[in-house]
Amino acid sequence: MTVTVAGIDCGTNSIRLMVARISSDGSMEVVVPRIMRVVRLGQDVDKIHRFSPEALKRTFAAIDEFAQVLSAHKPDALRFVATSATRDAENRDDFDRYVFNRLGVHPDVIPGQEEARFSFLGATSVVDASLHRPPYLVMDLGGGSTELVLGGDGRSLSSHQVAQSYSMDMGSVRVSERHLLSDPPTDNQIQEASADIDRSLDLACAAVDLSQTGTFIGVSGTVTTMAGVALGLKEYNRQAIDGVTFSLDDIFRVDQKVLFMTRQERGQLGVIHPGRLDVIGGGALILTQVLARTRRCLAARGEQLTSLTVSEHGLLDGIVRDLGMKLLTSCHNSEDVSST
């Protein structure tokens, strides 16, 4: 038995849509490959705690586009998940009404803990335990928040189970709008941003034991974009990036390179989406500091972290897979009831 479901992940910087067929054995066949639009819904939300008219206009245009795609494919169910920026916006009712009027569902403004669970489910659903040692630490580095999720034992029944998670109130847009205001950022701005990230990491480490990391998996636009820079790509290529493992030295090198570039220089690389040019440096700084902290935690108990595995499968994949499996379970239970 299969069901066709759609998921929308509306974050601080981008909004994504995917339509897929989910089978009762847990396999997923993508019907509409993810469509991503950079809309910067979280523009200035950290300062004014409201969605700006310009941000809503950009996001509504993407929602209109997604409505046309969904009308053509008519999924059995749709889940619209909104994350960090929407959690913080006082005028999110305006956003809610528009989404419901166009798509027939209300945005599900999920807490950071559930966001972390979906990201972990999406990332680990394609992990080959013979190549990647559990437990898995999945980092979903978004625009407004960064989720750190530890879990999985590499066995089929338990590989997607979350042991510990924490949602840092720190993402590429948030740290850039708070601190990295010059082009390129100054040394003082970078120091202030680093201290802010470290404070968030201190809280995260109280909830997630980074020293237990077997494999570090990075997901989201910042991580995959930095992977593209490390590979020397001239344009973004999802297939070339997905599943690649990088040495920490290579990632640290490109993080530093991009952080100190001007926006114009970043644009000349080709692989960075124009909507990320002003915030990718902040994301790169968060990536560097999370990796460095994890490496130190492992070193304290005599272990090493030498690499980062990059995955194109994250929050959106988790939303779609979770929705499909719940719908299939509901259908199965209904059949059981009708047959008695």
Q. Less than 4.5 Å apart, any side-chain heavy atom of Val149 and any of Asp140?
A. no
Q. Are any side-chain N or O atoms of Ser167 and backbone N or O atoms of Gly112, one a donor and one an acceptor, separated by less than 3.5 Å?
A. no
Q: Compare every heavy atom of Ser220 with every heavy atom of Gly142, then report the nearest pair and how far apart it is.
A: N-OG, 4.4 Å
Q | Pairs satisfying ring-ring contact (aromatic ring centres under 6.0 Å, His included), at least one member in residues 235-289, at least two apart | A | none
Q: Return the set of residues passing salt bridge (Lys or Arg N to Asp or Glu O under 4.0 Å) with Arg296 (not counting sequence neighbours), or none when no residue passes.
A: none
Q. Under 4.5 Å between side-chain heavy atoms, hopping through other hydrophobics if needed: is there a path connecting Val208 to Val290?
A. yes
Q.
Under a 3.5 Å distance rule, please check whether Thr124 uses its side chain to pair with a backbone N or O of Val127 as donor and acceptor.
A. no
Q) Cluster partners of Tyr98, using ILVMFWY side-chain heavy atoms under 4.5 angstrom, listed by chain and number? A) Ile8, Ile15, Leu17, Val19, Val31, Val32, Ile35, Val39, Leu41, Val45, Phe51, Leu56, Phe60, Ile63, Phe66, Val69, Leu70, Leu78, Phe80, Phe95, Val99, Leu103, Val105
Q | Pair listing, side-chain hydrogen bond (donor to acceptor under 3.5 Å, both in side chains) test, anchored in residues 184-193, at least two apart | A | Ser182-Gln189
Q.
As an exercise, state the distance from OG of Ser194 to CG of Leu259, rounded to the nearest 0.5 Å.
A. 8.0 Å
Q) With sequence neighbours left out, what residues match Asp94 under salt bridge (Lys or Arg N to Asp or Glu O under 4.0 Å)? A) Arg97
Q: Decide yes or no for Val223 and Met226: does some side-chain heavy atom of the first lie under 4.5 Å from some side-chain heavy atom of the second?
A: no
Q. Looking at residues at least two apart in the chain, or sitting in another chain, which of them share a side chain to side chain donor-acceptor pair (under 3.5 Å) with Arg79?
A. Asp108, Glu114
Q | Counterpart residues, salt bridge (Lys or Arg N to Asp or Glu O under 4.0 Å), relative to Asp88 (two or more places apart) | A | Arg174
Q: Taking all heavy atoms of Val254 and all of Ala230, pick out the closest pair and write down the distance.
A: CG1-CA, 3.7 Å
**Q.** Within-4.5 Å side-chain heavy-atom neighbours: Thr2 and Glu29
**A.** no
Q | Matching residue for Val310 among Leu231, Thr225, Ile241 - test: side chain to side chain contact (heavy atoms under 4.5 Å, CB included) | A | Ile241
Q. Are side-chain heavy atoms of Val219 and Leu315 found at a separation under 4.5 Å?
A. no
Q.
For Arg50, give me all partners under salt bridge (Lys or Arg N to Asp or Glu O under 4.0 Å), at least two apart in sequence or on another chain.
A. none
(Q) So, taking the atom named CD1 in Ile286 and the one named CG in Leu201, what distance separates them when rounded to the nearest 0.5 Å? (A) 9.0 Å
Q: Could you tell me whether the side chain of Gln212 reaches within less than 4.5 Å of the side chain of Gln164, counting heavy atoms only?
A: no
Q. Does the pair Asp278/Arg266 count as a salt bridge with the N-to-O cut at 4.0 Å?
A. no
Q | Heavy-atom pair of closest approach, residues Leu308 and Gly218 | A | CD1-N, 3.6 Å
Q: Check which hydrophobic residues are tied to Phe100 through side-chain heavy-atom contacts below 4.5 Å, counting indirect links as well, and list them.
A: none
Q: May I ask whether Met139 and Leu248 are part of the same hydrophobic cluster, defined by side-chain heavy atoms of I, L, V, M, F, W, Y residues being less than 4.5 angstrom apart, directly or through others?
A: yes
Q. With hydrophobic residues grouped by side-chain heavy-atom distances under 4.5 Å, do Phe216 and Tyr136 end up in a single group?
A. no
Q. Which pairs count as salt bridge (Lys or Arg N to Asp or Glu O under 4.0 Å) when at least one residue sits in residues 195-212, sequence neighbours excluded?
A. Arg178-Asp196, Asp196-Arg199, Asp198-Arg293, Asp202-Arg293
Q: Any chance you could lay out the side-chain contact (heavy atoms from CB on, under 4.5 Å) test for Ile190 and Leu180, step after step, and finish with the verdict?
A: CA-CA 7 Å; Ile190 292 171; Leu180 307 179; 4.1 Å; yes
Q) Judged by modelled atom types alone, do Gln256 and Thr288 share a side-chain donor-acceptor pair under 3.5 Å? A) no
**Q.** Backbone of Ile319 reached by a side-chain donor or acceptor of Asp322 within 3.5 Å
**A.** no
Q: Please tell me if the side chains of Leu298 and Leu210 come closer than 4.5 Å, counting only heavy atoms from C-beta onward.
A: no
Q | Between CZ on residue Arg321 and NE2 on residue His313, distance to nearest 0.5 Å | A | 9.0 Å
Q.
Working note: Thr309 + Thr245, criterion side chain to side chain donor-acceptor pair (under 3.5 Å); need CA distance, chi angles, decisive distance, verdict.
A. CA-CA 4 Å; Thr309 298; Thr245 296; 2.9 Å; yes
Q: Looking only at non-hydrogen atoms, find the nearest pair between Ala284 and Asp255 and report the distance.
A: O-OD2, 3.3 Å
Q. If you take all heavy atoms of Leu148 and Ala204, which pair is closest and at what distance?
A. CD1-CB, 3.9 Å
Q. Do Thr215 side-chain atoms and Arg133 backbone N/O form a donor-acceptor pair below 3.5 Å?
A. yes
Q: Give the intermediate values and the outcome of side-chain contact (heavy atoms from CB on, under 4.5 Å) for residues Leu269 and Met261.
A: CA-CA 11 Å; Leu269 294 175; Met261 281 181 165; 3.9 Å; yes
Q. When rounded to the nearest 0.5 angstrom, what distance separates CE in Met18 from CG in Leu316?
A. 4.5 Å
Q.
Test your reading of the model: is there a side-chain donor-acceptor pair from Ser330 to the backbone of Lys326, 3.5 Å cut-off?
A. no
Q: Check step by step if side-chain contact (heavy atoms from CB on, under 4.5 Å) holds for Glu90 and Ile48.
A: CA-CA 9 Å; Glu90 295 170 353; Ile48 64 175; over 6 Å; no
Q | Glu177 and Asp44, any side-chain heavy atoms less than 4.5 Å apart | A | yes
Q: Sequence neighbours left out, what pairs pass salt bridge (Lys or Arg N to Asp or Glu O under 4.0 Å) with at least one residue falling in residues 226-243?
A: Arg238-Glu312
Q: Assess whether atom CD of Glu265 is packed by more than 12 heavy atoms of other residues, nucleotides or ligands within 6.0 Å.
A: yes
**Q.** Shared hydrophobic cluster, Val38 / Val229 (ILVMFWY, side-chain heavy atoms < 4.5 Å)
**A.** no
Q) Looking at CZ of Arg37 and OG of Ser14, how far apart are the two atoms once the value is rounded to the nearest 0.5 Å? A) 11.0 Å
(Q) Would the distance check show the side chain of Thr146 and the main-chain N or O of Met170 forming a donor-acceptor pair, the cut-off being under 3.5 Å? (A) yes
Q: For the residue pair Ser165 and Arg117, establish whether any side-chain heavy-atom pair is separated by less than 4.5 Å.
A: no
Q: Name all pairs fulfilling the side-chain hydrogen bond (donor to acceptor under 3.5 Å, both in side chains) condition that reach into residues 299-308, sequence neighbours left out, sorted by first residue then second.
A: none
Q | Interatomic spacing from CD1 in Ile280 to CD1 in Ile272 - rounded to 0.5 Å | A | 5.5 Å
Q: Search all heavy atoms of Ser172 against all heavy atoms of Val279 and return the closest pair with its distance.
A: CB-O, 3.5 Å
Q: Establish whether Ile197 and Leu305 are linked, either directly or via other cluster members, by ILVMFWY side-chain heavy-atom contacts under 4.5 Å.
A: yes
